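Note that the coordinates shown come from a computational prediction; the quantities given were computed from them, not determined experimentally. Convention: sequence-line order gives letters A, B, ...; per-chain numbering from 1.
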Amino acid sequence: MDKHYDPKAIEAKWYPIWENSGFFKPTGQGEPWSMVIPPPNVTGILHMGHALNDTIQDVLARWRRMQGRDVLWVPGTDHAGIATQNVVEKALRKEGKRRQDLGREAFVERVWEWRKQYGGTIVRQLRSLGCSCDWSHERFTMDEGLSRAVAEVFCKMYDEDLIYRGNYIVNWCPRCGTALADDEVEHEANHGHLWHIRYPVVGSALGVKGKPYEDYIMVATTRPETLPGDTAVAVNPKDERYLHLHGKSVMLPLSGREIPVIADDYVEREFGTGIVKITPAHDPNDFQVGKRHGLEEINIMNGDGTMNALAGPKYDGMDRFDCRKAIVEDLDAGGFLDHVEDDDNQVGHCYRCHTVIESRLSPQWFVRMKPLAVKAVEAVRSGAITFSPKRYEQTYFNWMENIRDWCISRQIWWGHRIPVYYCDCGHQWAAPERPAKCPKCGAASIRQDEDVLDTWFSSWLWPFSTLGWPDKTADLARYYPTADLCTAPDIIFFWVARMIMAGCKFMGDVPFRNVVLHGVVRDEQGRKMSKSLGNSLDPLKIIEEFSADSLRFSLMQTTAPGIDVYISMNKFEIGRNFGTKIWNVARFIDMYATQHGASATQLDASALQAAQIAALGRDEITLDPALLTDDDRCILAQADDMVATVTGWLEKYRFQDAALAIYDFVWSKFCDWHVEGAKSALNSADPAARLQALKILYFVFGRALRVVHPFMPFLTEELWHQMGFCGEGETVMRAAWPRALTDAERESWGVSPEVVAYVESKRELITAGRALRTQYGIAPSKAAHFIVVAASGDVRDRLSRDAAMIAGFLRAEPLEIVASADVGGMPGTAVSVGSIHLPLAGLVDIPAELAKIGAELDKNKKFLAGVVAKLSNEGFVSRAPANVVEQQRQRKVELEAEIARLDALAATLRKAE
RNA sequence: GGGCGCUUAGCUCAGUUGGUUAGAGCAUUACCUUCACACGGUAGGGGUCACUGGUUCGAGUCCAGUAGCGCCCACCA
């Protein structure tokens, strides 16, 4: 076996072999288990969030596959309407062109070309992570099939009146030139101003320029540039201060237009002056107020964020923020500006380009969400879908219960074009395919709606559109609903909730059984990793510097459910070091099987046949009980426990706990203790003992390798082959997840918790002995002489069997093991250096030990009193579990014995002095 | 404004339904290049579990309150 672990070579080697061998494809045999990948943006490059998300999924997929499930993991990418259009537009700009110069058709063609050339980046990167997706099932949200699903769904909902078109105020990105859904707007704190502006009351004496009007009301606004669009000012109807204004009118500054004062509950009396200017075309609240009061909607802005003619000739064509300045200056000059206050508020930004959002009145398409939400809420309430961790279900409910209609139209070119057609007679209908003529009037001159659909309108169908819907495919029948959906909590509203709605509506069944929510990946300062912040650690660089396996393992052992992950470079050392450790112990085991003849005590070539090793990798093993040591029994039990524990954690989606259990087993239990202890047997003069020790190493390590595999697929595959657990053309990917030991095995081998307890206490003894060596400064090269004082004759006999091994650990001369009764009732360890022999207890600080024991007793005093009381108080028994009482009682006895022992020892020592 | 979460060793975090001595990794101290591994081994040091009160035989864990931090949602112009 290779001496050096070269992850790069290994990782480069295995992925193509796996893919070409069809190991990622479902077998069609066994119970189906499926999952769809959250499709990354086709423009995307792999970031830590993907690395975490996709590693979790791969762990699940590989684990389920090893459990014999028929695993289908569907990969794919999202066409990411605005993001992709932006990228291509940027490229065009370098050529000095705008998309309008190309025209719609040519532009879309250009985007497809871009996708062909660059769209595969993220998909390649997923491969370098080791993701075991079935690439033959790869889908793209703009694929022909998925586009059909989109059109089908749109038309169905259109016909059911679940989709409507309306002139509504929407979030508008002036830079992207399109509407955005509510959740595509990111609100950020803004240190702004509150301008206090005087609106003269109509009928009052008008002032002169530069001087305040005699009779005016004070309106506070954060957006003075919208003033030309005002069509009213509003007060709270219950506000006594302004009762006299009801029914009056005021004059709009600068234009002199007369607008009414209205009363509406929406106005907060406490904020600002208690008077609000109402601009129905440029503020969502004002829009609602305007509807209630029948106000005119004056749109004073263009789609690109500049003012239009309705803003007034002076401001026409001016950018909105320049206009703000100009209007404030003009208000000031006209004597309308009273004063300015600082004001901290929230301002919406485009989630794509971070431009400040404008509220804009425009004709848009909407989905009625309330009817869809009912079943989707029920699906989670009934437990048909669970969230892990469960607390996110509450987040989901809150959103669903306050759900608002979904604006699905976007004024861009890249995406699914809205399948609605119009004829010249004014007929309007939806159809999946472009019809030849109007179905109502037969007119041949028809045109399609110009808008495209929100990208999420294809994503929300992903769990069934990728399986072939609307066709009734075999995939759909076999793999829907999927098992798990993994994502970060920030996407519950965008995507998870909508998929549940779509699944319930169009499939009549939930899209997945469980939603696995993992944390958001953040940097050391707790910031979300993002390209714009430049703080993202590039997973590919980590893979380059460490390895994909290191990255994967480190991520898994760092991520607690639903808790954000804080990442720094040194995290990846954990995975790297663990990989190296596994490699080295494998090399050690392998060495004993293959480097026969190198020394007389090592195994000969016939010791462990290839076929036997392969069988051990299938958990097939026969052992000679006569040759078993307690250490063997212990590691067999611990390996069994580890497998059960890891399986349990994976079932609960506790990847961190699973990773830690594996790490602890492999490193601490297996390498640090069992392998070290097995060295004496491996070098024993008895060939049968050597063989059995080696068999156990292969068996236990083979089990560990398989459990590690979902976390570190490349390394484990390489070792699985190099150590001979399988032959060419085979794979650990398809090896069975380790089974539990049978009762018969446990019985015939004497595997029991009691043996584990003995071995563990023996290890404590060794640790104590090592501590003595350190304490006495005995050089590691120097053999010390230990006298082990056993608690009883039975223990003495047991320790005597392990004497050689213990001596090996302690680098000691042959041990002297005596029962405590033989040396005056003082159990413990003794050490001798040169000719001086001291019992262990004689080495400790007696007064300090007594104080420690005293503190212990003190701590337990209350409870011990309870134990005593228990004898006469039946009520106590029912409250404290019997085993706990028993434990405490034993502890009390031990403590008392300890005190007595130390007392006796102190006396002995005093006498000796 | 509403909702959720966090606060445990110098740092990053575990700690299932309350139950023996609160753990891990990194960092740190000492010793060791011993025939798998220095990306290693051995032995250590380091914690009033944010604070206050309560329930309990027993609280890091449950309850109430306080403080600080973070996230999500939201139309105070």
Side-chain angles (χ1 to χ4, degrees), chain A residues 3 5 182-183 187 194 219-223 226 234 266-279 283-288 343 345-346 359 391-392 394-395 398-399 402 489-490 492-493 520 522 524 526 528 546 550 554 557-558 560 562-564 566-568 570-571 573-574 576-592 598-599 648-649 652 654 656-657 660 663-664 668 671-672 675-676 679 683 767 770-775 777 779-781 809 811 856 859-860 862-867 869-870 876 879-881 883-885 887-888 890-891 894:
Chain A
K3 172 150 190 182
Y5 170 36
D182 290 334
D183 45 27
H187 293 272
L194 203 50
V219 174
T221 180
T222 54
R223 304 201 50 206
T226 64
Y266 149 68
V267 182
E268 290 285 334
R269 298 157 63 161
E270 307 309 320
F271 189 87
T273 60
I275 304 177
V276 194
K277 68 195 229 15
I278 300 295
T279 321
D283 183 278
N285 300 308
D286 294 7
F287 178 74
Q288 298 297 335
D343 179 56
N345 54 7
Q346 299 276 318
S359 289
R391 63 187 147 88
Y392 284 108
Q394 200 50 52
T395 311
N398 287 344
W399 190 71
N402 301 309
D490 56 357
I492 292 176
F493 308 134
V520 175
R522 298 176 187 279
E524 287 162 290
K528 219 185 231 186
F546 296 89
S550 304
S554 294
Q557 79 88 52
T558 307
I563 307 277
D564 289 352
Y566 292 78
I567 293 285
S568 56
N570 62 6
K571 278 265 157 75
E573 291 175 5
I574 300 168
R576 180 197 59 186
N577 295 353
F578 188 43
T580 307
K581 189 74 181 180
I582 292 174
W583 182 269
N584 280 311
V585 76
R587 196 156 63 90
F588 172 79
I589 296 169
D590 181 72
M591 186 182 74
Y592 274 89
S599 112
W649 287 136
K652 289 180 180 154
R654 310 260 312 209
Q656 181 180 44
D657 293 302
L660 289 172
Y663 186 93
D664 175 65
S668 309
C671 293
D672 288 351
V675 172
E676 289 300 324
K679 282 176 181 173
N683 292 313
T767 300
R770 284 165 164 173
L772 283 172
R773 288 192 66 117
T774 304
Q775 212 172 322
S781 54
F809 272 107
R811 294 184 179 280
E856 272 304 313
K859 207 170 147 191
N860 287 281
K862 226 175 155 184
F863 183 80
L864 290 171
V867 174
K870 180 213 165 214
F876 178 79
R879 274 177 287 160
N883 63 323
V884 173
V885 172
Q887 272 172 14
Q888 292 291 342
Q890 274 176 21
R891 177 142 183 77
E894 279 167 25

Item checked: Interatomic distance, A:Tyr266 OH vs B:A74 P [rounded to whole Å] -> 16 Å

Check: Nearest to the side chain of A:Lys652 - B:U16, B:C39, B:G44?
Finding: B:U16

Next item on the list: Look at the side chain of A:Arg576 and decide which nucleotide, out of B:G44, B:C39, B:C4, has an atom nearest to it.
Entry: B:C39

Note to self: Starting the side chain at C-beta, find the nucleotide from B:U12, B:A14, B:A77 nearest to A:Lys571.
What the structure shows: B:U12

Next item on the list: Could you measure between the two P atoms, the one in B:U48 and the one in B:G58, and give it in whole Å?
Entry: 23 Å

Check: Across the strands shown, which category fits A:Thr279 at heavy-atom distances under 4.0 angstrom: base, sugar-phosphate, nothing?
Finding: nothing

Notebook entry, point to check: For atom C1', what is the distance between B:U16 and B:C39, given to the nearest Å?
Noted result: 33 Å

Notebook entry, point to check: With nearest nucleotides of RNA chain B determined for A:Trp649 and A:Ile275 from heavy-atom distances, which residue corresponds to the more 5′ nucleotide?
Noted result: A:Trp649

Next item on the list: Whole angstrom is fine here: how far is it from CD in A:Gln557 over to C1' in B:C13?
Entry: 9 Å

Notebook entry, point to check: Is it true that a side-chain atom of A:Asn683 and a backbone atom of A:Lys679 form a donor plus acceptor pair closer than 3.5 Å?
Noted result: yes

Margin query: Within the 4.0 Å heavy-atom criterion, would you say A:Val267 contacts the bases, only the backbone, or no part of the nucleic acid?
Written below: base

Item checked: side-chain contact (heavy atoms from CB on, under 4.5 Å) between A:Phe287 and A:Thr279, worked out -> CA-CA 7 Å; A:Phe287 178 74; A:Thr279 321; over 6 Å; no

Item checked: Ring-base stacking, A:Phe493 with B:C73 (5.5 Å, 30° cut-offs) -> no

Note to self: Rounded to the nearest 0.5 Å, what separates atom NZ in A:Lys3 from atom CE in A:Met591?
What the structure shows: 10.5 Å

Margin query: If I pick the C1' atom on B:U29 and the same atom on B:G45, what distance separates them, to the nearest angstrom?
Written below: 7 Å

Next item on the list: Side chain of A:Asp672 only, please: which of B:G41, B:A14, B:U16 is the nearest?
Entry: B:G41

Next item on the list: Taking all non-hydrogen atoms of both residues into account, name the closest pair between A:Thr226 and A:Lys277 and its distance.
Entry: OG1-NZ, 2.6 Å

Check: Which atoms form the tightest heavy-atom contact between A:Asp657 and A:Arg654, and what is the distance?
Finding: OD2-NE, 2.7 Å

Note to self: Whole angstroms only, please: what is the CG-C1' distance between A:Asp490 and B:C72?
What the structure shows: 10 Å

Notebook entry, point to check: Taking the side chain of A:Lys581 as its heavy atoms from C-beta onward, which of B:A43, B:C13, B:G41 lies nearest to it?
Noted result: B:G41

Check: Between A:Ser668 and A:Ile589, who's closer to the 5' end of RNA chain B by nearest nucleotide?
Finding: A:Ser668

Checklist line | Base-contact (B) and sugar-phosphate-only (S) positions in nucleotides 26-35 of chain B, heavy-atom cut-off under 4.0 Å, - elsewhere | finding: S-----S-B-

Checklist line | Atom pair distance, as rounded to whole Å: CZ in A:Phe546 and C1' in B:C39 | finding: 10 Å

Notebook entry, point to check: NA contact type, A:Gly274, heavy-atom cut-off 4.0 Å: base, sugar-phosphate, or nothing?
Noted result: base

Note to self: Rounding to an integer number of Å, can you tell me how far A:Arg587 CZ sits from B:A36 P?
What the structure shows: 9 Å

Notebook entry, point to check: On a whole-Å scale, what distance lies between the C1' atoms belonging to B:U21 and B:C31?
Noted result: 27 Å

Checklist line | Nearest heavy atoms of A:Thr273 and A:Ala220, plus distance in Å | finding: OG1-N, 3.8 Å

Checklist line | Watson-Crick or G-U stems of RNA chain B, 3 or more pairs, under 3.5 Å, by first number | finding: B:1-7 with B:67-73, B:10-13 with B:23-26, B:28-32 with B:40-44, B:50-54 with B:62-66

Next item on the list: Look at all strands and tell whether A:Phe578 reaches a base, only sugar-phosphate, or nothing, counting heavy atoms closer than 4.0 Å.
Entry: nothing

Check: For atom C1', what is the distance between B:U55 and B:A9, given to the nearest Å?
Finding: 30 Å

Notebook entry, point to check: Is it true that a side-chain atom of A:Arg773 and a backbone atom of A:Arg811 form a donor plus acceptor pair closer than 3.5 Å?
Noted result: yes

Next item on the list: Identify whether any heavy atom of A:Thr222 sits under 4.0 Å from a base atom; if not, whether one sits that close to sugar-phosphate; answer base, sugar-phosphate or nothing.
Entry: sugar-phosphate

Check: Do A:Gln557 side-chain atoms and A:Leu660 backbone N/O form a donor-acceptor pair below 3.5 Å?
Finding: no

Margin query: With hydrogens left out and only the distance checked, is there a donor-acceptor pair under 3.5 Å joining A:Glu676's side chain and the base of B:A36?
Written below: yes

Next item on the list: Report which part of the nucleic acid A:Ala220 touches: base, sugar-phosphate, or nothing (heavy-atom distance under 4.0 Å, all strands).
Entry: base

Note to self: Output the rounded distance in Å from CG (A:Leu660) to C1' (B:U12).
What the structure shows: 13 Å

Check: Do the side-chain N or O atoms of A:Arg770 get closer than 4.0 angstrom to the phosphate oxygens (OP1, OP2) of B:A43?
Finding: yes

Check: How far, in whole Å, is B:C76 from B:G18 if one measures between their P atoms?
Finding: 41 Å

Check: To the nearest Å, how far apart are A:Trp399 CH2 and B:C72 P?
Finding: 16 Å

Notebook entry, point to check: Taking only residues two or more places apart in sequence or in another chain, which ones pass ring pair (Phe, Tyr, Trp, His ring centres under 6.0 Å) with A:Tyr663?
Noted result: A:Phe578, A:Trp667

Check: After noting the C-alpha distance and the side-chain angles of A:Thr395 and A:Phe493, does the key distance pass the side-chain contact (heavy atoms from CB on, under 4.5 Å) rule?
Finding: CA-CA 9 Å; A:Thr395 311; A:Phe493 308 134; 3.5 Å; yes

Item checked: C1'-based separation of B:G23 from B:G60 [nearest Å] -> 12 Å

Margin query: So does A:Lys571 get a backbone contact from the side chain of A:Ser554, meaning a donor-acceptor N/O pair under 3.5 Å?
Written below: yes

Next item on the list: Give the minimum heavy-atom separation between A:Val276 and A:Val219, together with the two atoms involved.
Entry: C-CG1, 4.1 Å

Next item on the list: Determine the Euclidean distance between corresponding P atoms of B:C35 and B:U42; express it in Å to zero decimal places.
Entry: 15 Å

Next item on the list: Please report, rounded to the nearest Å, how far the P atom of B:G44 is from the CZ atom of A:Arg773.
Entry: 14 Å

